[in-house]
*Asks:* 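Dumping the structure here so I can ask a few things about it.
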Amino acid sequence: MHLKNLPAVLSFSVISVLPAAVYASDPANLPVPPAGFDARNPSIPHGKLDVSVSYPTRNYGMRKVTVYTPPGYSTDQKYPVVYLHHGIGGNEVSWIGQGSNEGNADNIMDYLYSKNMAKPMIVVMPSGKMDGADDFARFANFGDVLLNDLIPWVEKTYSAATDADLRAISGLSMGGGQTFNFGFPNTDVFHYIGPYSAAPNTQQPSQTIRDVAAVKDNVKLIFISCGSTDGLIGNSKNYHDFLDANNIDHIYQIEPNEGHTKTVWNRSFYNFAQRIFLDDGATGGGGGAAAGRPAAGGRRWSGRRRGGRGLGRRR
Ligand code: FER
């Protein structure tokens, strides 16, 4: 923009009213969630946790997964599913505040439902580390298990929708790397992709995004987050830059003054979970007009977006 050609007063007013979204490299600056959003609250309904249940794999024997079903879960309807991955020292209970204790997905979903802020969904938290020569291989080897063992088992065992519009992939650190690595090459399987604090197992965007048009056409939300002081932020920034360069809508949420922490992961899941599965009318219940809105008083995200499709039904 050639501001020198504008009268000073006009250029000032133009700049001051432009939404932040026009600046491609701005982080989204989503507000901090309300106090208690990730804590167990005895006075609200709770979803049900099936903790550390086993499912069969073709190559790794029986493996463990924790599954959260929402309050009011009923086999009369099919639910969207988010596959939520742990970090390097984690397992299938890390996202429910046990073991390596990396997040509180169950409490966050309970909170969101208590505020009518999320679609009813199933949260699947697998142990995402298989056998392998090193951690990169162990986490990489889960990709085939996810696609060919876990997803079919979930869809057989729970009242789960089977449409990619109703499947999301997310995770933290090594699980954030998995989210990039398994999500982008499989946009026919996952239409929502949410990596947090992605680790060095993250493949290059040029490796995972072979078909920019397919990503634009298929993926309804890309939500990348990281703490501003996290030494691994380059993995996230690298994708943010690639997505910008290719005009692919996404939210880039940097948590100020946060490192590689559970604070980032809980805030990220809170922000991601309320923005997925919004533009499908088939799941019934919950959601409604309030679905997906940021917390009361917070402003809507200002992440990069184009008009038209791309980020759920909010415009
Ligand atoms: C590394 C730094 C961080 C690395 C993995 C991580 C394998 C993963 C961290 C986590 O999952 O929390 O160099 O290499």
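Fair warning: this is a prediction, and the values are worked out from it, not measured in the lab. Read the numbers this way: they start at 1 and go in the same order the structure lists the ligands and their atoms.
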*Asks:* Heavy atom of H260 under 4.0 Å from ligand 1?
*Replies:*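 Judged by the 4.0 Å heavy-atom criterion, H260 does count as contacting ligand 1.
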*Asks:* Please state which part of L232 comes within less than 4.0 Å of ligand 1, counting heavy atoms only: side chain, backbone, both or neither.
*Replies:*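 The part of L232 near ligand 1 is the side chain, not the backbone.
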*Asks:* Can we call the ring centroids of F277 and Y192 under 6.0 Å apart?
*Replies:*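 Between F277 and Y192, the centre distance is under 6.0 Å.
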*Asks:* Side-chain heavy atoms under 4.5 angstrom apart, residues restricted to Ile, Leu, Val, Met, Phe, Trp, Tyr: same cluster for I88 and V264?
*Replies:*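 No, I88 and V264 fall in different hydrophobic clusters.
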*Asks:* Does K237 come within less than 4.0 Å of D230, counting only side-chain N to carboxylate O?
*Replies:*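 No salt bridge links K237 with D230.
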*Asks:* Between K78 and D163 (salt bridge meaning N to carboxylate O under 4.0 Å), is one present in this structure?
*Replies:*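 Answer for the salt bridge query: no.
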*Asks:* Are any of the N/O atoms on I88, whether in the backbone or the side chain, positioned under 3.5 angstrom from an N/O atom of ligand 1?
*Replies:*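 In this structure, I88 places an N or O atom under 3.5 Å from an N or O of ligand 1.
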*Asks:* Distance to 0.1 Å, residue and atom name: give those for the protein heavy atom nearest to atom 1 (C) of ligand 1.
*Replies:*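 Closest protein heavy atom to atom 1 (C) of ligand 1: P200 CG, 3.4 Å.
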*Asks:* So if I apply the side chain to side chain donor-acceptor pair (under 3.5 Å) rule between N218 and each of T187, D211, D188, which one comes out positive?
*Replies:*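 Looking at T187, D211, D188, the match for N218 under the side chain to side chain donor-acceptor pair (under 3.5 Å) is T187.
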*Asks:* At what distance is the nearest protein heavy atom to atom 7 (C) of ligand 1, and which residue and atom is it?
*Replies:*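 Looking at atom 7 (C) of ligand 1, the protein heavy atom closest to it is F136 CE1, 3.4 Å.
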*Asks:* Identify the closest protein heavy atom to atom 9 (C) of ligand 1: which residue and atom is it, and at what distance?
*Replies:*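 The answer is S173 OG, 2.9 Å.
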*Asks:* Only one of F223, W95, Y68, Y196 clears ring-ring contact (aromatic ring centres under 6.0 Å, His included) with F269; which?
*Replies:*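 The option that passes is W95.
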*Asks:* Which atoms of ligand 1 sit under 4.0 Å from any heavy atom of G87?
*Replies:*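 That gives atoms 11 (O) of ligand 1.
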